[in-house]
Amino acid sequence: MQTIKDIEIDGKTVFIRCDFNVPKDEDGNITDDRRIRGALTTIRYCIDRDCKVILASHYERPEPGKYEDKYSLKPVVQRLTRLLKIAEDIRLASDVVGEDAKTKAASLKGGEVLVLENLRYEAGETQNDSAFAKELASMADIYINDAFGACHRAHASIDAMPKVFDNKNKAAGFLLAKEVNFFDKTLENPIRPFVAVVGGSKVSGKLEALRQLLDKVDKVIIGGGMAFTFLKAQGYEIGNSLVEDDLLDEARTIMIKARKEGVKFYLPVDVVCAQKFSEEGVAKYLPSQEIPADWMGLDIGPASSRLFREVLNDAQTIIWNGPMGVYEMDKYAKGSMKMSHDIADTHATTIVGGGDTADVAQKAGDVDEMTFVSTGGGASLNLIEGKKMPGIEALKV
Ligand code: AMP
């Protein structure tokens, strides 16, 4: 993959597609700015080469055409200003490809930074509209994709836009290159034992990733809601726990494949159960074999945590994707927190797949202890699945 270092950018107008889709709390404060910090290397590289820098990102899912303040990139610009520490103000355009954006882009001087408003204010972004892509492209000489977390989506700024530029004028930014190289290198040549820890809500979302991982890893640990489909496939009563009945055969096939390939396959041996999907009411710690008919499992239990810790003990490489329970509720967050601590405590190379899992590691205070925390959830799954991603393919054509 061609990176920004391989192309001539000095003094040019550079459009950098970033992923500034950061989580915010109810008061609008950014709670995790890793995605903004992740983009700084590429932005600084351009500023140091006297480029006129245009940054663009989507933020959540606004209704196209409706400029609602809560979807504005204003807080991102404030954070970026603090993090970049440059003398010039970072300007925010009030639109995406409208008059304000174009005027401000045309008046940029070397070393100055302009941020366009939320790309998804324009319907053309998610429609991968080529006319919209050309409007974006008309503002810049160079296209850089540094939005790893958005690369699996064929949207205009990710797919149609880079296709407007020839090979000499487009490349991956440092963050995108780092993410892709890290996953590629680890999956291709892991130091063993290699352990995959997979959790989250459903088997269906991670089925292909699980299949691919079985060919590569030595051990698989399953937690979260998806564990119940496997437990049911083994014949256990799982009460009202989350389950995908249409995937029971698939779950059995995966467990048989694991056995055939000599991959050790671990499921929770105990679970934290409740009668409602809520923190109110009584929670019980029960063996996985003893879930009452009208109860549901919402976290792995302490015995599972101890077992999984043993399993991780000799790991040299660990990939973790998906929480062990409903970690958004404190009562059911323990299993995920312990998993985060246990992974962080190993001497293994540890890779945390983005989204919820990165959120758990952040809440557990373990981010700095992990070797690599990906900024993309869906995108990192795509890499594990070995799928081609539109954002990366578009840089090659
Ligand atoms: P995913 O997006 O598939 O990685 O799933 C993440 C979600 O799975 C989180 O929002 C968790 O609350 C949810 N989750 C984890 N364990 C369970 C469980 N036992 N029952 C229901 N949801 C769960």
Heavy-atom count check: over 12 atoms from other residues, nucleotides or ligands less than 6.0 Å from Lys24 NZ? yes

Lys/Arg N to Asp/Glu carboxylate O, Asp215 vs Lys257, below 4.0 Å: yes

For Ala160, does its backbone N or O pair with a side-chain atom of Asn128 as donor and acceptor, under 3.5 Å? yes

Does Glu279 have more than 12 heavy atoms from other residues, nucleotides or ligands lying within 6.0 Å of its CD? yes

At what distance, to the nearest 0.5 angstrom, does CG of Asp345 lie from NZ of Lys338? 13.0 Å

Answer whether the closest heavy-atom distance between the side chains of Phe265 and Ile222 falls below 4.5 Å. yes

Under 4.5 Å between side-chain heavy atoms, hopping through other hydrophobics if needed: is there a path connecting Leu247 to Leu242? no

Evaluation steps, side chain to side chain contact (heavy atoms under 4.5 Å, CB included), between Ser380 and Ile319: CA-CA 11 Å; Ser380 65; Ile319 279 194; over 6 Å; no

Decide yes or no on side chain to side chain contact (heavy atoms under 4.5 Å, CB included) for Phe228 and Met296, but give the supporting numbers first. CA-CA 10 Å; Phe228 298 100; Met296 62 181 86; over 6 Å; no

Residue Glu68 excluded, over 12 heavy atoms near CD under 6.0 Å: yes

Set of residues satisfying side chain to side chain contact (heavy atoms under 4.5 Å, CB included) with respect to Gln78, sequence neighbours excluded: none

Say whether Phe15 and Ile7 are linked into one hydrophobic cluster, either directly or through other cluster members, by side-chain heavy-atom distances under 4.5 angstrom. yes

Check this for me: does any side-chain nitrogen of one of Glu250 and Arg211 sit under 4.0 Å from a carboxylate oxygen of the other? yes

Quick one about Ser94 and Glu117 (side-chain donor to acceptor, distance below 3.5 Å, no hydrogens or angles considered), yes or no? no

Could you tell me the separation between the CD1 atom of Ile54 and the CD1 atom of Ile144, rounded to the nearest 0.5 Å? 12.5 Å

Heavy-atom side-chain proximity of Leu383 to Phe148 below 4.5 angstrom: yes

I'd like to know whether NZ of Lys202 has more than 12 heavy-atom contacts from other residues, nucleotides or ligands below 6.0 angstrom. no

Distance in Å, Phe230 CZ paired with Leu248 CG, rounded so as to fall on 0.5 Å steps: 10.0 Å

Check: Asp33 side chain, Ile36 main-chain N or O, donor-acceptor pair, under 3.5 Å: no

Determine all donor-acceptor pairs shorter than 3.5 Å in which one atom belongs to a side chain in residues 180-189; sequence neighbours excluded.
| residue | atom | partner | partner atom | Å |
| --- | --- | --- | --- | --- |
| Asn181 | ND2 | Ala177 | O | 3.2 |
| Thr186 | OG1 | Phe182 | O | 2.6 |

salt_bridge(Arg120, Glu60) N-O dist < 4.0 Å: no

Of all the heavy-atom pairs spanning Val360 and Ser336, show the shortest one and how long it is. CG1-O, 3.6 Å

How many angstroms lie between CE in Met226 and OG in Ser201, if you round to the nearest 0.5 Å? 7.0 Å

hydrophobic_cluster_shared for Trp320 and Phe194, side chain cutoff 4.5 Å: no

Can you tell me how far apart CZ (Arg35) and CG (Asp19) are? Round to the nearest 0.5 Å. 4.0 Å

Met339 side chain near Ile343 side chain, heavy-atom distance below 4.5 Å: yes

State whether the side chain of Asn382 and the backbone N or O of Lys387 hold a donor-acceptor pair below 3.5 Å, judged by distance alone. no

Leu307 side chain near Asp270 side chain, heavy-atom distance below 4.5 Å: no

Would a single hydrophobic cluster contain both Val198 and Val271, if residues Ile, Leu, Val, Met, Phe, Trp and Tyr are joined by side-chain heavy-atom contacts under 4.5 Å? yes

Less than 4.0 Å between a side-chain N and a carboxylate O, is that true for Asp159 and Lys163? yes

Does this structure show an ion pair linking Asp245 with Lys232, if we count only N-O contacts that are shorter than 4.0 Å? yes

side-chain hydrogen bond (donor to acceptor under 3.5 Å, both in side chains) pairs, two or more places apart, involving residues 167-178: Asp166-Asn169

Side chain to side chain, His152 and Ile158, heavy atoms closer than 4.5 Å: no

Can you find a pair of side-chain heavy atoms, one from Glu112 and one from Lys52, that are under 4.5 Å apart? no

Is it true that the NZ or CZ of Arg49 lies under 6.0 Å from the centre of Tyr45's six-membered ring and within 45 degrees of the ring axis? yes

Search all heavy atoms of Leu73 against all heavy atoms of Leu116 and return the closest pair with its distance. CD1-O, 3.3 Å

Is the backbone of Leu395 close enough, under 3.5 Å, to the side chain of Gln2 for a donor and an acceptor to pair up by distance? no

Partner of His155 under side chain to side chain contact (heavy atoms under 4.5 Å, CB included), chosen from Glu125, Gln127, His58: Glu125

Side-chain donor or acceptor of Ser288 paired with backbone N/O of Val269 under 3.5 Å: yes

For the pair Leu108 and Arg91, evaluate side chain to side chain contact (heavy atoms under 4.5 Å, CB included) and give the outcome as yes or no after the intermediate values. CA-CA 10 Å; Leu108 276 173; Arg91 284 183 284 171; 3.8 Å; yes

Nearest heavy-atom approach of Thr350 to Met370 is OG1-CA, 3.3 Å

Mind checking whether Phe20 and Arg79 have side chains closer than 4.5 Å, heavy atoms only? no

Do the side chains of Cys18 and Thr42 get nearer than 4.5 Å, heavy atoms only? no

Identify, with sequence neighbours excluded, every residue that meets side chain to side chain contact (heavy atoms under 4.5 Å, CB included) alongside Lys264. Lys219, Tyr266

With sequence neighbours excluded, what pairs up with Glu244 under the salt bridge (charged side-chain N to carboxylate O under 4.0 Å, His left out) test? none

Identify the two heavy atoms, one from Ser241 and one from Gly297, that lie closest to each other, and give their separation to 0.1 Å. OG-N, 2.9 Å

Residues in side chain to side chain contact (heavy atoms under 4.5 Å, CB included) contact with Ala283, at least two apart in sequence or another chain: Val272, Lys331, Tyr332

Could you go through the side chain to side chain contact (heavy atoms under 4.5 Å, CB included) check for Asp359 and Thr31 one step at a time? CA-CA 10 Å; Asp359 198 21; Thr31 51; over 6 Å; no

Separation between OG1 (Thr349) and CD1 (Ile351), nearest 0.5 Å, reads 7.5 Å

Which atom pair, heavy atoms only, marks the closest approach of Glu237 to Ala293? OE2-CA, 4.0 Å

Membership question, hydrophobic clusters at under 4.5 Å side-chain separation (ILVMFWY): are Ile221 and Leu214 in the same one? no

So, for Cys151 and Pro390, which heavy atoms are closest and what is the spacing to 0.1 Å? O-CD, 3.3 Å

